[in-house]
Amino acid sequence: MPVKSLLVLTRQIGDIDDELIGDGVRIVRIPNATREQIFKQNDLQIANWELFYGGYNHALVNVYDPRETSDGEAEQEIVRASVILKIIQPYASSLHLVITAEGAAKEPVFVAQNRVGIGTKTYVCASDVDVLITRAHVRNARVLWPNIQIVCRQFQNHRRILRALRFFEIACSNYDGGIRHILFHSGLETLLCTHRDYLSQQVRQRVLAICGTKVAQEDVRDITTMRGG
């Protein structure tokens with residue numbers, strides 16, 4: 001039986017009460033009573049206004065057995081779920097407040113660790129601030145979940161994909177547009193064969209193969225020119 005829960009508060013979640021993403025990872029709505037418990041037990045780590053009025057009505061939750069899964073791996077599974085959701089639907093809420101919950105279900109003990117600072121945002125563009133994650137997005141994430149788990153657990157065979165995911169994760173948490181572009185392009189480049197004699201051709205072929213008609217030919221030329229420089 002799973003005996004431990006890891007929660008990461010998040011916002012910009014729409015019509016979701018309790019939706020499975022994969023394995024023990026879910027998105028759940030956090031009731032006011034639970035938020036009050038979290039604050040009372042961690043009043044020095046959490047800003048009261050942000051917790052109750054900042055839109056943190058949901059959490060990515062991983063319920064696991066610590067005898068089989070370490071706390072670090074449980075947290076990484078939440079990060080993977082967040083990355084999948086950001087690929088499906090870019091949104092500005094990031095992962096800040098990590099909370100462990102142990103003990104009886106009626107009287108859990110919450111221990112909070114504020115990693116970055118609750119209230120900050122991560123985004124690619126300003127429009128990401130207004131979008132919501134819906135049940136349809138979570139259903140799409142559920143389809144991708146087995147694949148990302150295979151890649152992460154068999155990391156020696158999938159190093160390029162893991163590097164791309166790491167670049168994507170870091171880029172989403174960076175405010176500087178120029179740095180974000182470098183990181184996103186670096187993530188794309190890790191998926192490519194980068195023989196120096198054919199780099200421009202490879203970038204063109206693979207960008208069009210991955211993105212299809214969503215990327216214009218002019219944009220692809222700009223990317224290859226920038227990369228060449």
Side-chain angles (χ1 to χ4, degrees), residues 2 5-30 55-64 69 73-98 121-155 157-174 180 183-192 206-216 219:
S5 298
L6 192 68
L7 302 86
V8 179
L9 297 187
T10 188
R11 53 189 170 187
Q12 291 182 246
I13 308 298
D15 57 338
I16 296 174
D17 291 319
D18 186 345
E19 287 286 334
L20 175 70
I21 296 177
D23 294 326
V25 181
R26 318 181 73 89
I27 291 182
V28 301
R29 189 181 299 276
I30 302 297
Y56 289 93
N57 301 320
H58 290 79
L60 285 160
V61 180
N62 192 358
V63 181
Y64 61 100
T69 304
E73 175 61 17
E75 185 176 332
Q76 282 302 304
E77 288 184 339
I78 288 179
V79 172
R80 292 167 204 164
S82 174
V83 168
I84 291 175
L85 288 170
K86 283 183 179 290
I87 291 172
I88 293 171
Q89 174 61 72
Y91 66 108
S93 183
S94 57
L95 304 180
H96 311 294
L97 190 66
V98 179
K121 298 175 181 177
T122 68
Y123 55 87
V124 178
C125 60
S127 61
D128 297 346
V129 176
D130 299 322
V131 302
L132 294 177
I133 297 298
T134 67
R135 282 182 287 181
H137 296 132
V138 177
R139 285 195 291 269
N140 290 334
R142 194 153 55 231
V143 174
L144 293 179
W145 180 258
N147 293 334
I148 197 171
Q149 288 293 78
I150 289 172
V151 167
C152 292
R153 290 172 178 171
Q154 300 178 8
F155 60 91
N157 298 326
H158 303 288
R159 285 175 291 183
R160 284 190 176 190
I161 298 175
L162 282 173
R163 290 190 189 113
L165 288 171
R166 177 61 70 185
F167 277 123
F168 183 89
E169 178 191 344
I170 297 171
C172 281
S173 63
N174 197 295
R180 279 203 307 273
L183 290 168
F184 281 128
H185 189 80
S186 297
L188 174 63
E189 192 173 82
T190 63
L191 300 174
L192 311 181
R206 287 164 177 79
V207 166
L208 294 174
I210 293 170
C211 302
T213 57
K214 295 180 181 179
V215 178
D219 293 331

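A heavy-atom distance below 4.5 Å is found between the side chains of Arg80 and Gln149. In this structure the side chain of Leu165 reaches within 4.5 angstrom of the side chain of Ile148, judged on heavy atoms. Contact of the Tyr64 side chain with the Asp23 side chain is not registered, since no non-hydrogen atoms from C-beta on lie closer than 4.5 Å. With contacts defined as side-chain heavy-atom distances shorter than 4.5 Å, the pair Asn62/Leu7 does not qualify. Using a 4.5 Å heavy-atom threshold, the side chains of Ile27 and Val61 count as separate. Under the 4.5 Å side-chain criterion, counting only non-hydrogen atoms from C-beta, Ile21 is in contact with Leu60. Side-chain atoms of Gln89 and Leu85, non-hydrogen and from C-beta on, never get closer than 4.5 Å to each other.
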Discussion item. Assess the residue pair Arg11 and Asp130 against the criterion (salt bridge (charged side-chain N to carboxylate O under 4.0 Å, His left out)); give the C-alpha distance rounded to whole Å, side-chain angles, the decisive distance to 0.1 Å, and a yes or no.
Written reply: CA-CA 11 Å; Arg11 53 189 170 187; Asp130 299 322; over 6 Å; no

Fill in: Evaluation steps, side chain to side chain contact (heavy atoms under 4.5 Å, CB included), between Trp145 and Val25
CA-CA 10 Å; Trp145 180 258; Val25 181; 3.9 Å; yes

Worksheet item: Would Ile161 and Thr190 satisfy side chain to side chain contact (heavy atoms under 4.5 Å, CB included), going step by step from the backbone distance to the final call?
Response: CA-CA 7 Å; Ile161 298 175; Thr190 63; over 6 Å; no

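Applying the side-chain contact (heavy atoms from CB on, under 4.5 Å) test to Phe168 and every residue at least two apart in sequence or in another chain returns Val83, Lys86, Ile87, Cys172, Phe184. By the side-chain hydrogen bond (donor to acceptor under 3.5 Å, both in side chains) test, Asn57 pairs with Arg35, sequence neighbours left out. Take Arg139 and apply the side-chain contact (heavy atoms from CB on, under 4.5 Å) test, not counting sequence neighbours, and it matches Arg135, Ala136, Arg142. Residues passing the salt bridge (charged side-chain N to carboxylate O under 4.0 Å, His left out) test with Arg29 are Asp17, sequence neighbours excluded. Residues meeting the side-chain contact (heavy atoms from CB on, under 4.5 Å) test with Asn140, sequence neighbours left out: Ile88. In this view, Gln12 and Tyr91, Ala92, Ser93, Val131, Leu132 satisfy the side-chain contact (heavy atoms from CB on, under 4.5 Å) rule, not counting sequence neighbours.
Looking only at distances, a side-chain donor or acceptor of His58 sits under 3.5 Å from a matching main-chain atom of Ile16.
Here the closest non-hydrogen pair linking Gly187 and Ala164 is O-CB, 3.3 Å. Nearest heavy atoms, Ala74 versus Thr69: N-CG2, 3.8 Å. Of all heavy-atom pairs spanning Ser5 and Val63, the tightest one is OG-CG2, 3.7 Å.
For the atom pair Arg153 CZ and His158 NE2, the distance stands at 12.5 Å (nearest 0.5 Å). We find the CZ-OG distance between Arg163 and Ser186 to be 12.0 Å, quoted to the nearest 0.5 Å.
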